[in-house]
Amino acid sequence: MRVSYRALFSIARGARALKDLEMQNMRAMDDRVLSILAENCRQLSTIDVNGCNHVTDKGLQALARRCPLREIYIRGTGATDATLYSLARYCPNLEIISFQDVTRRPGFSTKAIDVLQKSCIQRVLC
């Protein structure tokens, strides 16, 4: 299904009680939409942006700082170690993170993965 940029902005601005969001392979999904989600959807605990190649550290870090994330799916995004460090710092209840698709994107250092696993109360499943 194709979702327009305008529709994503409407969701991000208006769905304040949103807890789970699956946006896999949405071309319109980017850091700006994630930042608005982070501002308005403070109950968001699960997000799937697998395959959203316009998503980078900027948007993911905004989510980590403002949302009580428990599950995050970031395969095929522009995330780097900076995202994992933010998740480690701000998301102690993180239980599941899914990353690295067949193209090995994104690629994270072993150090960043270790920091994330050690910082979370639950065991993080990668």
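In this chain, residues are counted from 1 in sequence order.
- Under the side chain to side chain contact (heavy atoms under 4.5 Å, CB included) criterion, R65 pairs with Q61, A62, Y90, not counting sequence neighbours.
- For Q24, the side chain to side chain contact (heavy atoms under 4.5 Å, CB included) partners two or more places apart in sequence, or in a different chain, are E22, D48, N50.
- One finds the CD1 atom of I11 at 8.0 Å from the CG atom of L18 (value rounded to the nearest 0.5 Å).
- The line from SG of C67 to CD of E39 is 10.5 Å long, rounded to the nearest 0.5 Å.
- From L84, atom CG reaches atom CD1 of I97 across 5.0 Å, with rounding to the nearest 0.5 Å.
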Carefully, step by step, assess I72 and T83 under the rule side-chain contact (heavy atoms from CB on, under 4.5 Å).
CA-CA 11 Å; I72 187 165; T83 291; 5.6 Å; no
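- Screening residues 14-51 for ring pair (Phe, Tyr, Trp, His ring centres under 6.0 Å) gives no qualifying pairs among residues at least two apart or on separate chains.
- Between R42 and P68, the closest heavy-atom pair is O-CD, 3.1 Å.
- Residue pairs meeting the side-chain hydrogen bond (donor to acceptor under 3.5 Å, both in side chains) criterion with at least one member in residues 7-21, sequence neighbours excluded, are R16-N40, D20-T46.
- Under the side-chain hydrogen bond (donor to acceptor under 3.5 Å, both in side chains) criterion, S45 pairs with no residue, sequence neighbours left out.
- Here the side chains of V55 and I74 are not in contact, with every heavy-atom distance at 4.5 Å or above.
- Atom SG in C52 sits 11.0 Å away from atom CZ in R27 (nearest 0.5 Å).
- Hydrophobic clustering (ILVMFWY, side-chain heavy atoms < 4.5 Å, transitive): L63 and Y85 are in distinct clusters.
- In this structure, CG on L8 lies 12.0 Å from CZ on R32, to the nearest 0.5 angstrom.
- Side chains of I47 and L34 form a contact here, defined as non-hydrogen atoms less than 4.5 Å apart.
- Counting heavy atoms from C-beta on, the side chains of I113 and F99 come closer than 4.5 Å.
- Listed for the D30 side chain is no donor-acceptor partner under 3.5 Å among the backbone atoms of H54.
- Across C91 and A64, no two heavy atoms sit closer than the pair SG-O, 3.6 Å.
- Applying the side-chain hydrogen bond (donor to acceptor under 3.5 Å, both in side chains) criterion to D31, with sequence neighbours excluded, gives T56.
- Within the structure, the ring pair (Phe, Tyr, Trp, His ring centres under 6.0 Å) test picks out the following pairs touching residues 9-38 (sequence neighbours left out): Y5-F9.
- In this structure, the side chain to side chain contact (heavy atoms under 4.5 Å, CB included) partners of A12, at least two apart in sequence or on a different chain, are V33, I36, L37.
- Every residue two or more places apart in sequence or in another chain that forms a side-chain hydrogen bond (donor to acceptor under 3.5 Å, both in side chains) with E71 is listed here: Y73.
- Shown here are the side chain to side chain contact (heavy atoms under 4.5 Å, CB included) partners of S4, two or more places apart in sequence or in another chain: R6, A7.
- Residue pairs meeting the ring pair (Phe, Tyr, Trp, His ring centres under 6.0 Å) criterion with at least one member in residues 21-43: none, sequence neighbours excluded.
- Counting all heavy atoms, side chain and backbone alike, G51 lies closest to N25 at CA-OD1, 3.3 Å.
- To the nearest 0.5 Å, the span separating CE on M26 from CG on N53 amounts to 13.5 Å.
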